[in-house]
There are 2 protein chains.
Amino acid sequence: MDVLQQIRDKGLKVTPARLTIINELAGSHMAYSHSELETLFSKMDRVTLYRILKDFEDAGLVHKIVDVQGVTRYALCKHSCPDEHHADEHVHFNCNSCHKMFCLEKVHVPELKMPGGFKVMGLQTLIYGLCKNCNAA
Amino acid sequence: MDVLQQIRDKGLKVTPARLTIINELAGSHMAYSHSELETLFSKMDRVTLYRILKDFEDAGLVHKIVDVQGVTRYALCKHSCPDEHHADEHVHFNCNSCHKMFCLEKVHVPELKMPGGFKVMGLQTLIYGLCKNCNAA
DNA sequence: AATCTAAATGCAACAATGTTGCGTTTGTTT
DNA sequence: AAACAAACGCAACATTGTTGCATTTAGATT
Ligand SMILES: [Mn+2]
Ligand SMILES: [Mn+2]
Ligand SMILES: [Zn+2]
Ligand SMILES: [Zn+2]
């Protein structure tokens, strides 16, 4: 199914701004910050960008993740998650040098034992270090 | 060793504001946000509070952690980490309801296999759900 | 105990990030 | 083509965090 149809299926209109954003996100396995997208598409209105990301998130097209530094980022949901439990349970990698964030959908996260009293509903694993590019340099 | 001496050992002066903050943090295993502390100690200057937290972090008395919502939080370092590798490698729990964050120093985090290319330097595990209080209610 | 000085504080100003309201424009349906 | 709800653009605002600078204070020195 193509992105265009995905957007419409969620009850959202297909607009140039939305296409621009979704195409950028679809082109990589990276999680983009608002400011990165604002730089890439500098003629786009700030507020519109915030709303597009929010709408995509609500629609389940995109997931939001906060990086080690506290910057919130957005990435395309690849594995067509079910709507009900739309948890992006995959691992993310955060580069200490270029600060890019990568979605690692294939890394398996082992279970862990929780102490009593807490009701666990989900888990985030955030790995940090150097990405391929920065490690080479 | 008492907090007072810990502060002095790091080359920091012991001031009323610093004592207030460190005592609050020492009283629980929770990670406090700036705004929570600002509410608790409303006569304290905002900037002073930011600087105290920064100084404590640099001194290794406190560790900083960003919660699921992107709020940065501070908690006392209990296990007297070595200065060089001052990584707060323990698990944190974030309550979806009251949004409090708890340091779980005793939960063991299993290793995981990384794909090639990335140089792993550390890892954060963030569990979310309901805390004891909110689960009971 | 009085003096000294670097560190810490308080305040104002600013920057970055995110939100809300509202009038205008546009995508989609009829 | 017309109609309408959705999306947009812009201004205004809120929150979070930073910086510069004048004043105060902790702790060391006399
Ligand atoms: Mn992801
Ligand atoms: Mn902690
Ligand atoms: Zn990198
Ligand atoms: Zn709770």
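Below, read A as the first sequence line, B as the second, and so on, with proteins coming before strands; counting in each chain starts at 1. Treat the numbers as computed from the prediction; the structure is a model and nothing was measured.
If you take CG of B/Leu53 and C1' of D/dT18, they are 14 Å apart, rounded to a whole angstrom. With rounding to whole Å, B/Leu19 atom CG is found 14 Å from D/dT25 atom C1'. At whole-Å resolution of the value, NZ in A/Lys54 and P in C/dT19 are 8 Å apart. As a whole-Å value, the separation of A/Gln69 CD from C/dT17 P is 11 Å. Spacing between atom CG of A/Leu49 and atom C1' of C/dA16 amounts to 15 Å, rounded to whole angstrom units. Rounded to a whole Å, the CZ atom of B/Arg73 is 16 Å from the C1' atom of D/dG17. If you measure from atom OH of B/Tyr50 to atom P of D/dT18, you get 7 Å, rounded to the nearest angstrom.
The environment of CG in A/Asn133 is sparse: at most 12 heavy-atom neighbours from other residues, nucleotides or ligands sit within 6.0 Å.
Atoms CD1 and CG, on A/Ile21 and A/Leu37 in that order, are 5.0 Å from each other to the nearest 0.5 Å. Interatomic distance, B/Tyr74 OH to B/Lys54 NZ, rounded to the nearest 0.5 Å: 9.0 Å.
Residues forming a salt bridge (charged side-chain N to carboxylate O under 4.0 Å, His left out) with A/Asp45 (at least two apart in sequence, or on another chain): none.
If you check C/dG18, C/dT28, D/dG27 against the side chain of A/Arg8, the one that comes closest is C/dT28.
Comparing B/His34 and B/Val14 by the nucleotide of DNA chain D whose heavy atom lies nearest to each, the residue mapping closer to the 5' end is B/His34.
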Inset, instruction - Any chance you could list the contact pattern along nucleotides 3-13 of chain D? Use B for base contacts, S for sugar-phosphate-only contacts and - for none, protein heavy atoms under 4.0 Å, 5' to 3'. - result: --BSSSBBB--
Inset, instruction - Carefully, step by step, assess B/Arg73 and B/Glu36 under the rule salt bridge (Lys or Arg N to Asp or Glu O under 4.0 Å). - result: CA-CA 9 Å; B/Arg73 295 178 168 274; B/Glu36 283 169 357; 3.1 Å; yes
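Ring geometry for B/His90 versus B/His63: interplanar angle over 60°, hence perpendicular rather than tilted (30 to 60°).
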